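Before I ask anything, let me first share the structure, which is written out below as structure tokens.
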Amino acid sequence: QVQLEESGGGLVHAGDSLRLSCAASGRTLRSYPMGWFRQAPGKEREFVAAIGSRGLATYYVDSVKGRFTISRDNSKNTVNLHLNSLKPEDTAVYYCAASQNDWNPRIPHSYVYWGRGTQVTVSS
């Protein structure tokens, strides 16, 4: 069993930056592909970014390419999401998730473990 906990969310202005962190306990994240998703009020959960278990492969939704960067530090059992040039439409609860087998980076159902989320609010 893997427990995931996100942190780093907050209220910022458009153009600001944040760093979200996802800390794992229970097991090492070394063998798990990881993803970040977000959900805005009244909308479905949306894929944001994902990274392979060794950090060699990364994936992003088009709307965040060039602004967000996903990274992982397996020695610290953490996965980070750097959010730059934030926009009001980035406002959402951000979740990290861990996958096991049959990983499809953009599909929520391919992730087994989920954190409880951290709120990111971007004011215009």
Side-chain angles (χ1 to χ4, degrees):
Q1 190 79 1
V2 176
Q3 291 81 41
L4 302 174
E5 183 173 4
E6 303 92 340
S7 62
L11 171 62
V12 297
H13 293 104
D16 286 350
S17 299
L18 281 175
R19 189 187 78 163
L20 306 184
S21 291
C22 175
S25 60
R27 287 186 181 179
T28 175
L29 286 180
R30 193 178 308 273
S31 60
Y32 293 87
M34 299 292 295
W36 284 92
F37 291 77
R38 65 187 179 187
Q39 189 166 18
K43 295 188 176 182
E44 293 187 355
R45 191 165 296 190
E46 174 191 34
F47 166 75
V48 178
I51 187 167
S53 59
R54 292 185 293 174
L56 298 179
T58 57
Y59 307 84
Y60 298 92
V61 66
D62 286 346
S63 61
V64 309
K65 282 181 181 177
R67 299 190 299 121
F68 292 9
T69 303
I70 189 170
S71 63
R72 67 189 301 157
D73 187 340
N74 286 340
S75 67
K76 296 182 179 179
N77 231 23
T78 59
V79 177
N80 298 314
L81 185 66
H82 297 259
L83 292 67
N84 297 317
S85 302
L86 281 161
K87 304 175 180 180
E89 51 264 42
D90 295 319
T91 295
V93 177
Y94 283 71
Y95 300 89
C96 72
S99 181
Q100 287 183 306
N101 302 319
D102 299 324
W103 178 49
N104 184 325
R106 295 176 171 82
I107 305 301
H109 292 311
S110 73
Y111 292 83
V112 179
Y113 304 108
W114 291 82
R116 294 187 177 184
T118 184
Q119 176 71 48
V120 172
T121 304
V122 185
S123 65
S124 57

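If you're wondering where the values come from, they're calculated on a predicted model, not measured in any experiment. The figures here come from the full heavy-atom set of this structure, side chains too, leaving out hydrogens, waters and symmetry mates.
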*Is any side-chain heavy atom of Val12 less than 4.5 Å from a side-chain heavy atom of Thr121?*
no
*Please name the pair of heavy atoms, one in Asp102 and one in Ser110, separated by the smallest distance, quoted to 0.1 Å.*
O-CB, 3.6 Å
*In Å, rounded to the nearest 0.5 Å, how long is the span from CE of Met34 to CG of Asn74?*
9.5 Å
*So how far is it from Ile70 CD1 to His82 NE2, rounded to the nearest 0.5 Å?*
10.0 Å
_Path from Val48 to Ile107 over hydrophobic side-chain contacts below 4.5 Å_ = no
*What do the steps show when you test Asp16 against Val122 for side-chain contact (heavy atoms from CB on, under 4.5 Å), and what is the final call?*
CA-CA 8 Å; Asp16 286 350; Val122 185; over 6 Å; no
*Kindly write out the residues that satisfy ring-ring contact (aromatic ring centres under 6.0 Å, His included) with Phe37, not counting sequence neighbours, or none if the list is empty.*
Phe47, Tyr111, Trp114
*Which is it for Cys22 and Glu5 under the side-chain contact (heavy atoms from CB on, under 4.5 Å) test, yes or no, and what are the steps along the way?*
CA-CA 5 Å; Cys22 175; Glu5 183 173 4; over 6 Å; no
*Pair Ser17, Asn84: side-chain N/O donor-acceptor within cut-off below 3.5 Å*: yes
*Would you call Asp90-Lys87 a salt bridge at under 4.0 Å N-O?*
no
_Tell me the closest heavy-atom pair linking Arg67 and Leu86, and the distance in Å._
NH1-CA, 3.9 Å
*Rounded to the nearest 0.5 Å, what's the gap from CG on Leu4 to OH on Tyr113? Could you check?*
9.5 Å
*Answer whether the closest heavy-atom distance between the side chains of Trp36 and Ile51 falls below 4.5 Å.*
no
_Ser21/Asn80 under side chain to side chain donor-acceptor pair (under 3.5 Å): CA gap, chis, key distance, verdict_ = CA-CA 4 Å; Ser21 291; Asn80 298 314; 2.8 Å; yes
*Are a donor atom and an acceptor atom from the side chains of Glu89 and Thr91 found within less than 3.5 Å of each other?*
no
*Please check if the side chain of Thr118 supplies one atom and the backbone of Gly9 the other of a donor-acceptor pair under 3.5 Å.*
yes
*asked:* How long is the straight-line distance from OG of Ser25 back to CD of Gln3, given to the nearest 0.5 Å?
replied: 4.5 Å
_Aromatic centroids of Trp103 and Tyr59 separated by under 6.0 Å_ = yes
*Going by heavy atoms in the side chains, are Tyr60 and Thr58 under 4.5 Å from each other?*
yes
*What are the two closest non-hydrogen atoms of Ala92 and Ala40, and how far apart are they?*
CB-N, 3.8 Å
*Only pairs at least two apart or in different chains count here, so list each salt bridge (charged side-chain N to carboxylate O under 4.0 Å, His left out) that has a residue in residues 40-60.*
Arg38-Glu46
*Could you give the distance from NE2 (His109) to CG (Asn104), rounded to the nearest 0.5 Å?*
11.5 Å
*asked:* Please give me the minimum heavy-atom distance between Pro105 and Ala50, naming the atom from each residue.
replied: CB-CB, 3.8 Å
*For Ser53 and Ser31, work out which heavy atoms get closest and say how close.*
CB-C, 3.8 Å
*Can you tell me if Asn77 uses its side chain to pair, donor with acceptor, with the backbone of Arg30 under 3.5 Å?*
no
*If every non-hydrogen atom of Arg72 is compared with every non-hydrogen atom of Val79, which pair is closest and at what distance?*
CB-CG2, 4.0 Å
_Go through it in stages, so that I can follow the logic: the residues are Tyr94 and Glu6, the test is side-chain contact (heavy atoms from CB on, under 4.5 Å), and I'd like the CA-CA distance, side-chain angles, deciding distance and then a yes or no._
CA-CA 8 Å; Tyr94 283 71; Glu6 303 92 340; over 6 Å; no
